[in-house]
Amino acid sequence: MSGMHPAHPGWFQAFSQAPLVSSGDPPPLRSPRPAPEPPFSGGPSYLCPRSGRLLVPRPQSPFDPLLGSEPCDLVGGPRSLPAAGAARLSCWAPEAALGCIGDMADTPRDAGLKQAPTPRNEKAPADFGYVGIDSILEQMRRKAMKQGFEFNIMVVGQSGLGKSTLINTLFKSKISRKSVQPTSEERIPKTIEIKSITHDIEEKGVRMKLTVIDTPGFGDHINNENCWQPIMKFINDQYEKYLQEEVNINRKKRIPDTRVHCCLYFIPATGHSLRPLDIEFMKRLSKVVNIVPVIAKADTLTLEERVYFKQRITADLLSNGIDVYPQKEFDEDSEDRLVNEKFREMIPFAVVGSDHEYQVNGKRILGRKTKWGTIEVENTTHCEFAYLRDLLIRTHMQNIKDITSSIHFEAYRVKRLHEGSHAMSNGVEEKGPEAQEM
């Protein structure tokens, strides 16, 4: 046994049969009693008679501890066992901070391996200068998740341009009012109607109250003079409603937001330029709401026609001073300017809407199937729907709401308060002579 290497498979058996002898030293320890094998050990294990911990054989290399466990000397050295029969065992306890027997001397080789590891369930100590200001983000997230979000979007355009289909494609839900076949008397409404429908949408625990405002009858008449006035009146009415809630003495804790955050204006794919109706509408409403122009049913144009049409529209917008979203004057910094410039270069977005699913190369897609192939809605080489969705939902939704509140609504509020102050001053001036006569 004295010539047997500790790595030999039979060294445990030899150790168990070796007598514990010593001369002049304290009585030897009792042989450890066998214990069930741990799930990760490859051999027998023992219970430490002093600590009660499960002991497993130590690996061959002293610098390769088993699963990060702390080595300890059960018995060892010439005082307790012959050198050939000394056994080195390791505690099967990751949380062990000390050796099983602390009163025995450690060999120099193991001095560096007996440092106490950090308990796994104990949090790392915080930095001395840490205050915790960054936790405000988590607090805001929890509060926003409880309250939910609101988003109001208006669609304006002639009948048959796919407004309802595009909204359903944007949110992948049947949320927009689908056109039903009207009767002969109701085929062309006499005036522009404003119809809104509200849905509660939830995705990954985030709730959003989505309101879609449709304007059936816009541009469907022979004489479309002043056809934008009902739409502008509706937008201002929502501002007025919000303003009255704000100035109330006992106002609500959370004011319902019915203000129109964004207006999608649908341009028919004629391939020429903007019509006078398009120019007049966007020129007037761009001052009170965020307008995003889109080319409806862009798959009816060839790629060359689409590029030419977009260039003509961009030139018309610049020449008429129409500022569509995202506006240059509202860029907060160079980073926002860089991102917004990419979107401004794509305006107007050439989009295709569809709520029909197809299988293409084993993948589910939304698209329109023709005899030439399938037009994929979310494929950026087919249309620019994905960029429009990113602008409205994934990257700029909060910014759209902020500009509505801080720019458009603020301009309306200042105007109304000035009108109220002038009316009050006129009333005082009119009552002045009466008061003097009294």
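All values derive from a computational prediction rather than experimental measurement.
H408 meets the ring-ring contact (aromatic ring centres under 6.0 Å, His included) test with no other residue; sequence neighbours excluded. With sequence neighbours excluded, no residue forms a side chain to side chain donor-acceptor pair (under 3.5 Å) with R306. Remark: Q139 pairs with S135, I136, R142 by the side-chain contact (heavy atoms from CB on, under 4.5 Å) rule, at least two apart or across chains. With sequence neighbours excluded, the residues forming a side-chain contact (heavy atoms from CB on, under 4.5 Å) with R284 are W228, M232, E280, listed by chain and number. Taking F343 as the reference, H396 meet the ring-ring contact (aromatic ring centres under 6.0 Å, His included) condition, with sequence neighbours excluded. Under the rule for a ring-ring contact (aromatic ring centres under 6.0 Å, His included), the partners of Y412 that lie at least two apart in sequence or sit in another chain are Y239. Here S196 pairs with nothing under the side chain to side chain donor-acceptor pair (under 3.5 Å) rule; sequence neighbours left out. Taking R275 as the reference, D278 meet the salt bridge (charged side-chain N to carboxylate O under 4.0 Å, His left out) condition, with sequence neighbours excluded. For Y387, the ring-ring contact (aromatic ring centres under 6.0 Å, His included) criterion is met by no residue, not counting sequence neighbours. A search for side chain to side chain donor-acceptor pair (under 3.5 Å) contacts involving D402 returns Q398, not counting sequence neighbours.
The number of heavy atoms from other shown groups lying within 6.0 Å of CZ (R254) is above 12. No more than 12 heavy atoms of other residues, nucleotides or ligands lie within 6.0 Å of CD in E332, so this atom counts as exposed by the packing criterion. The number of heavy-atom neighbours closer than 6.0 Å to CG of L137, taken from other residues, nucleotides and ligands shown, is above 12.
Residues D220 and S159 have side chains that bring a donor and an acceptor to within less than 3.5 angstrom of each other. Side-chain N/O atoms of N290 and T404 include a donor and acceptor closer than 3.5 Å.
Considering T211, I213, D214 in turn, I213 is the only one that fulfils the side chain to side chain contact (heavy atoms under 4.5 Å, CB included) rule with M154. A side chain to side chain contact (heavy atoms under 4.5 Å, CB included) with K363 is found for exactly one of I365, N361, V360, namely I365. The residue from V352, T169, D390 that alone fulfils the side chain to side chain contact (heavy atoms under 4.5 Å, CB included) condition with F385 is T169.
Without hydrogens or angle criteria, S286 side chain to M282 main chain gives a donor-acceptor distance under 3.5 Å.
Sorted by first and then second residue, the ring pair (Phe, Tyr, Trp, His ring centres under 6.0 Å) pairs involving residues 244-271 (not counting sequence neighbours) are F151-H261, Y265-F281. The ring pair (Phe, Tyr, Trp, His ring centres under 6.0 Å) pairs that include a residue from residues 282-331 number zero, where partners must be two or more places apart or lie in different chains.
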